[in-house]
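First up is the structure itself, then whatever we jot down about it.
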Amino acid sequence: MNINDSTNNRVLAAIELELQEQIIKEEFEHIQKNKHSNSLWGHSERVAITAERLGLGEGLDPTVCRLAGLFHDAGKFCGGSYHKGDKPEEKRSVEVLRKLTRGKGIATNLVDQVEESILQLYRQDPDQTLLTKVLYDADNLDKLGLLGIANYFVKIGLRGSGLSSSVLHKATVELTYARHAPDCLTTETGREIARKRAPKTITFFRQLLDSLREDGLFDFRIKEVVFNNLLLDVVTPALCKCGHQFSQKISEVPGIKCSEIHLAHICHSCQSNYELRFCRPRLIE
Ligand SMILES: [Fe+2]
Ligand SMILES: [Zn+2]
């Protein structure tokens, strides 16, 4: 029997597809059986430690900083789901804080300060307390530097994704945040840490993309794009699978918690497209 190349390729592609379905299905069944995650708890602990450190630099009571860090995300998966109902997660976090501190002899005024900081966290009040600023910086520092990179990949894994092209597209957000981080944090102590960590994020993603390109796995480039007075580091494939170039369409849309940047990569030849949404970094003037 003489099978020509194109038949061969078609047969291989069909086998690959069948194998892909099977591997994804079986891995999913395996994950379902071993389901547990301490990722949010780990984040809460780290934010508490960082908040204490920032608080010391800013002259705040470490206990109040620690409590703010521990409880700031406590309402995130309320009832086992993310963003269920229309009650904001901060309100639920505060309910957990009240419930767990009640009758334990913690000064009410201390709990009040923590409550205020959690409620203020993602409101753009002009009159944020120093504790809110410390909490905001501690939360954001968890995404920066080598720790931030490790957290980025853990989060992607928890959402069921491996190292794929969509993960590389999302590096746009990591790079753009890292570039602006020192100007987005709200305390001098936080900015100082950001200035040390941000270059590590940037170097890592540049080197990762270079190495994937050299290895012939993915060819993604970083393009600096100015949009609405903001410099973005857009990570995009050099070419679409069909061989044509992608063009980018960027817009800014008001979201629930922030002003959202919508970034679309569109191939006008084969209509492939990839969309990414993220909060515009909030620069402190
Ligand atoms: Fe957080
Ligand atoms: Zn295409």
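Only this structure's heavy atoms are used, side chains among them; waters, hydrogens and symmetry mates stay out. One-based numbering along the sequence shown. Both ligands and their constituent atoms are indexed starting at 1 by order of listing.
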- Message: Taking backbone and side chain together, does D142 place any N/O/S atom at a distance below 2.8 Å from the Fe ion (ligand 1)?
- Response: no
- Item | the Zn ion (ligand 2) to nearest N/O/S of H268 less than 2.8 Å | no
- Message: Can you classify the ring geometry of F153 versus F204 as parallel (below 30°), tilted (30 to 60°) or perpendicular (above 60°)?
- Response: perpendicular
- Nearest atoms (heavy-atom pairs only) where A194 meets L185: CB-CD1, 3.8 Å
- Under a 4.5 Å cut-off applied to non-hydrogen side-chain atoms, are H169 and F220 in contact? yes
- Message: Between the side chains of R98 and D112, is the shortest nitrogen-to-carboxylate-oxygen separation below 4.0 Å, so that they form an ion pair?
- Response: yes
- For atom CD of E18, decide whether the heavy atoms of other residues, nucleotides or ligands shown that lie under 6.0 angstrom number more than 12. no
- What is the NE2(H72)-the Fe ion (ligand 1)-NE2(H43) angle, to the nearest 10 degrees? 90°
- Query: Which atom, among the N/O/S set of D73, is closest to the Fe ion (ligand 1)?
  - Reply: OD2
- Query: Nearest to the Fe ion (ligand 1), which N, O or S atom of D139 do we find?
  - Reply: OD1
- Query: About how large, to 10 degrees, is the angle SG of C267, then the Zn ion (ligand 2), then SG of C270?
  - Reply: 110°
